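Read the structure below first, then the notes.
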Amino acid sequence: MGDAQAGRGRADALVLFGITGDLAEKMVLPALYGLVSQGFELCRVIGVTRGDWSVERLRDHVRDAVTAHEKVEDKALDKLLALLRVARVDYTDASTFRSIAEQADGCAVLAHYLALPPNLYEPAARCLAEAGLSENARLVVEKPFGHDLASARDLQAGLTRYFPDEAIRRVDHYLGKESVENLLTFRAANTVIDTILHRHHVRSVQLTAAEDLDVADRGGFYDATGCLRDVVQNHLLQMLAYFVMDTPRSGSPEDVLAERTRALRAVRTVLPEDYVNGQYEGYRETEGVAPDSVTETYAALRLYVDTDRWSGVPFTLRAGKCLAARATEIAVEFDRPVAGYHHTVCAQKAAPNLMRLHFEPHAGVAFGLLARRGADETVVDELTTTLGFPHLNRSRPYEHVLEGAVTGDPTRFSTMEAITECWRVVSDLLPAPFPPLTYKPGTWGPPESVRLTRDDHWHTPRTP
Ligand code: BG6
């Protein structure tokens with residue numbers, strides 16, 4: 001198999017590094033069960049661990065992880081358990097990786113999934129190559145991919161010593177969200193929507209990804225990461241790319257990836273004056289967090305997208321922990337009525353037409369429109385019509401991530417080029433140019449961030 005196809009063949013073994021870890025327990029194993037229960041033909045799963053695990057112990061672990069998350073059907077769970085093998089490795093000794101080769105006996109294409117701390121990505125890739133397990137294989141790595149542009153490039157250089165770029169898949173689970181992918185479907189299928197999503201009609205766009213929970217038991221990880229690196233550089237910018245990208249010529253991975261990347265290339269690097277960071281009160285008391293931490297748990301920024309379609313339209317993005325609600329939404333504000341009829345007849349200042357695209361906690365779309373109240377022509381009411389997309393609520397992004405790892409389809413992964421652009425966009429904000437402002441848990445973050453919006457006004461997300 002040549003390099004160009006190296007990443008594409010369907011795997012007949014999924015080699016799952018870190019199978020006994022937290023990420024596998026919470027995300028990967030439930031997703032594998034989900035796939036099997038939906039009839040997906042899953043291949044052999046080789047669990048890789050540093051400990052001395054028997055396959056029976058691993059099966060018990062997988063059973064516990066899956067049943068902790070959902071009600072299971074025994075038949076599907078047994079099917080998953082029967083696919084399990086176990087291999088023990090030491091990341092400082094490539095010869096131990098022979099244990100993987102033994103378990104992969106007879107398999108032609110391997111998918112190595114690294115659910116590992118990032119400092120082990122390179123050692124794992126090197127040992128795989130030295131053990132002869134990098135040919136006809138792909139490498140799937142979790143986020144974060146680097147902690148800034150330079151470290152992402154270093155990581156890329158390290159990994160491509162052992163695996164060609166075409167064989168590397170970089171996880172961003174937002175790319176596995178059906179509600180996010182629907183941004184493209186919704187626009188491409190509805191010309192009425194696609195036509196108005198244009199600088200000729202749009203006054204501003206706000207993207208909110210708010211979480212009401214705190215950082216919980218991830219203090220150590222979060223304090224070294226912060227909101228910008230944790231969700232903005234990756235998830236929010238990828239969502240933005242889906243929103244602003246031109247419609248690809250086809251649904252082929254090449255066309256979709258090319259347009260998504262082109263969109264990211266057009267995003268201007270954010271200026272420090274267009275950035276507001278915040279930290280919720282009480283964050284510094286979290287276990288694993290430095291008592292004098294200046295890590296941001298909230299980030300808001302304004303940016304511009306230099307394409308024919310979006311040039312000049314301000315986009316304001318915000319994300320954070322401990323906010324007033326769990327809600328992910330894109331609010332598109334359209335132009336206000338021009339001087340003339342409306343202003344002469346109607347005494348009210350017209351509210352702007354608004355389209356809200358909802359992602360979390362429920363997928364859907366809402367339109368805010370104005371209509372005359374009745375006999376009195378001087379009064380208009382603001383009316384909202386909401387459509388739910390109930391089929392998109394079941395979406396389990398990790399199932400799509402694992403599906404892509406097994407089938408080789410790169411569409412739902414990030415590329416090095418996209419990651420490079422995303423780091424570039426936030427490069428002047430890392431390290432933070434100023435300390436974060438404090439905000440109260442349960443609010444919408446530092447009130448100062450309102451200055452980044454077009455009209456000094458955030459549209460509070462509403463869930464359908
Ligand atoms: C993860 C971040 O990548 O995304 C978490 O590390 C964050 O801090 C999560 O909570 C948000 O994902 P979702 O799918 O729950 O919106």
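If you're wondering where the values come from, they're calculated on a predicted model, not measured in any experiment. Both counts, for ligands and for their atoms, begin at 1 and track the order of listing.
- Ligand-side atoms of ligand 1 in range of Asp230: 2 (C), 5 (C), 6 (O), 8 (O), range being under 4.0 angstrom from any heavy atom.
- Ligand 1 has a nitrogen or oxygen under 3.5 angstrom from a nitrogen or oxygen of Glu211.
- Taking the six-membered ring for Trp, His400 and His173 have ring centres at least 6.0 Å apart.
- Separation of the Tyr298 and Tyr439 ring centroids falls under the 6.0 Å cut-off.
- A salt bridge is defined here as a Lys NZ or Arg NE, NH1 or NH2 lying under 4.0 Å from an Asp or Glu carboxylate O, and Asp148 with Arg229 fails to meet this definition.
- If you number the atoms of ligand 1 from 1 as listed, the ones under 4.0 Å from a heavy atom of His173 come out as 1 (C), 3 (O), 4 (O), 12 (O), 13 (P), 14 (O).
- The residue among Glu360, Lys177, His235 with a heavy atom at the shortest distance from atom 13 (P) of ligand 1 is Lys177.
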Verdict with supporting geometry, Glu399 and Gln38, side chain to side chain donor-acceptor pair (under 3.5 Å)
CA-CA 10 Å; Glu399 288 176 5; Gln38 290 157 51; 2.9 Å; yes

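- Every atom of ligand 1 with a heavy atom of Lys321 under 4.0 Å away is listed here by number and element: 5 (C), 7 (C), 8 (O), 10 (O).
- The nearest protein atom to atom 16 (O) of ligand 1, hydrogens excluded, is given as Tyr174 OH, 2.5 Å; this is a heavy-atom distance.
- Using a 4.0 Å cut-off between a side-chain N of Lys or Arg and a carboxylate O of Asp or Glu, Arg412 and Glu181 qualify as a salt bridge.
- Aromatic rings of Phe243 and Trp310 (six-membered ring for Trp) have centroids within the 6.0 Å cut-off, being under it.
- In terms of polar-atom proximity, Arg326 is counted as a contact of ligand 1, with an N or O under 3.5 Å from an N or O of the ligand.
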